[in-house]
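Remember, predicted model here, so these are calculated numbers, not experimental data. Just so it is clear: chains get the letters A, B, ... in the order the sequence lines come, proteins before strands, and each one is counted from 1.
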Amino acid sequence: MLNSHNTSPKQKIWHIVSIIPEGKVSSYGKVADLAGLPGRARYVSTALKAAPASLALPWHRVINSQGKIAFTEGSDPFIEQVELLRSEGVTVVRGRVILSEFEWRPDIATLVLSIPF
DNA sequence: CGTTTGACCCAGC
DNA sequence: GGCTGGGCCAAAC
C-alpha cells in the first residue's frame with residue numbers, strides 16, 4: 001500500500017493542485033474530491049492559504065464550481081489571479097472562466113499514476 | 001475553552 | 001440568472 005497514512009490532508013490538497021496543468025483550471029470541490037476529501041471544498045481554500053510559498057503552487061488555477069474567481073472582485077488577490085490566468089492563455093471575463101473550455105478533465109489512468117497516496 | 005469566519009458546494013425554490 | 005438553507009470544519013479570535 002502507498003503512504004496514505006503519512007500524508008496529511010493539506011499535503012494531499014497541495015499535491016492535487018500541483019498537478020493541474022498550465023492553461024487549465026479546477027474547482028475547490030473537485031480538488032477536495034481528488035484529494036480524497038469529498039465535501040471539504042472549504043478546506044481547500046484553508047489549505048491553499050496555509051501553503052508554503054516554497055511549494056510555488058499554481059493556486060490561481062483553482063476557482064469555484066461556477067467558474068468564478070473566489071476572491072472579492074477588484075481585490076488585490078483577485079487581480080493577481082486574473083493576470084496569472086491570462087498569462088497562461090485562460091480567458092477571464094468579469095472574473096469568470098468558461099469551464100466548458102478550460103476545466104481540467106484528467107483521465108483516470110494518468111491521475112492515478114500521478115498521485116502518490 | 002466557545003464562537004465566528006471563510007479563496008466552498010449543492011439542492012431546491 | 002439569483003437567493004436560501006444546510007452541510008462542511010480547520011483556523012482564527
[atom1]/[X] to [atom2]/[Y] distance, rounded to the nearest 0.5 angstrom?
X        : Y       : atom1 : atom2 : value
A:Arg40  : A:Lys12 : CZ    : NZ    : 11.5 Å
A:His60  : A:Arg86 : NE2   : CZ    : 13.5 Å
A:Glu103 : A:Ser26 : CD    : OG    : 6.0 Å
A:Ile16  : A:Gln11 : CD1   : CD    : 12.5 Å

**OP:** Check whether any side-chain heavy atom of A:Val25 lies under 4.5 Å from a side-chain heavy atom of A:Val62, and answer yes or no.
**Re:** no
Original post:
Do the side chains of A:Pro38 and A:Asp33 get nearer than 4.5 Å, heavy atoms only?
Top reply: yes
**OP:** Return no unless some side-chain N or O of A:Ser45 is found under 4.0 Å from OP1 or OP2 of B:dC8.
**Re:** no
Take atom [atom1] of [X] and atom [atom2] of [N], then tell me their distance rounded to the nearest Å.
X       : N      : atom1 : atom2 : value
A:Asn64 : B:dG6  : CG    : C1'   : 13 Å
A:Lys10 : C:dA10 : NZ    : C1'   : 8 Å
A:Phe78 : B:dA7  : CZ    : C1'   : 12 Å
A:Ile13 : C:dC9  : CD1   : P     : 12 Å
A:Leu34 : B:dC9  : CG    : C1'   : 15 Å
A:Gln66 : C:dG1  : CD    : P     : 8 Å
A:Ile79 : B:dA7  : CD1   : P     : 16 Å
A:Glu73 : B:dA7  : CD    : P     : 16 Å

Subject >> Residue whose nearest DNA chain C nucleotide is more 5′ - A:Tyr43 or A:Lys68 >> reply: A:Lys68
**OP:** Could you measure between the two P atoms, the one in C:dG7 and the one in B:dA7, and give it in whole Å?
**Re:** 22 Å
Subject >> Contact pattern, 5' to 3', of nucleotides 3-8 of chain C - B, S or - by protein heavy atom under 4.0 Å >> reply: ----BB
Original post:
Toward the 5' end of DNA chain B, which comes first, A:Thr46 or A:Ser27, by nearest nucleotide?
Top reply: A:Thr46
Original post:
Do A:Lys68 and A:Glu73 sit within salt-bridge range, that is, some charged N less than 4.0 Å from a carboxylate O?
Top reply: no
Original post:
For A:Thr72, which contact category applies under a 4.0 Å heavy-atom criterion: base, sugar-phosphate, or nothing?
Top reply: nothing
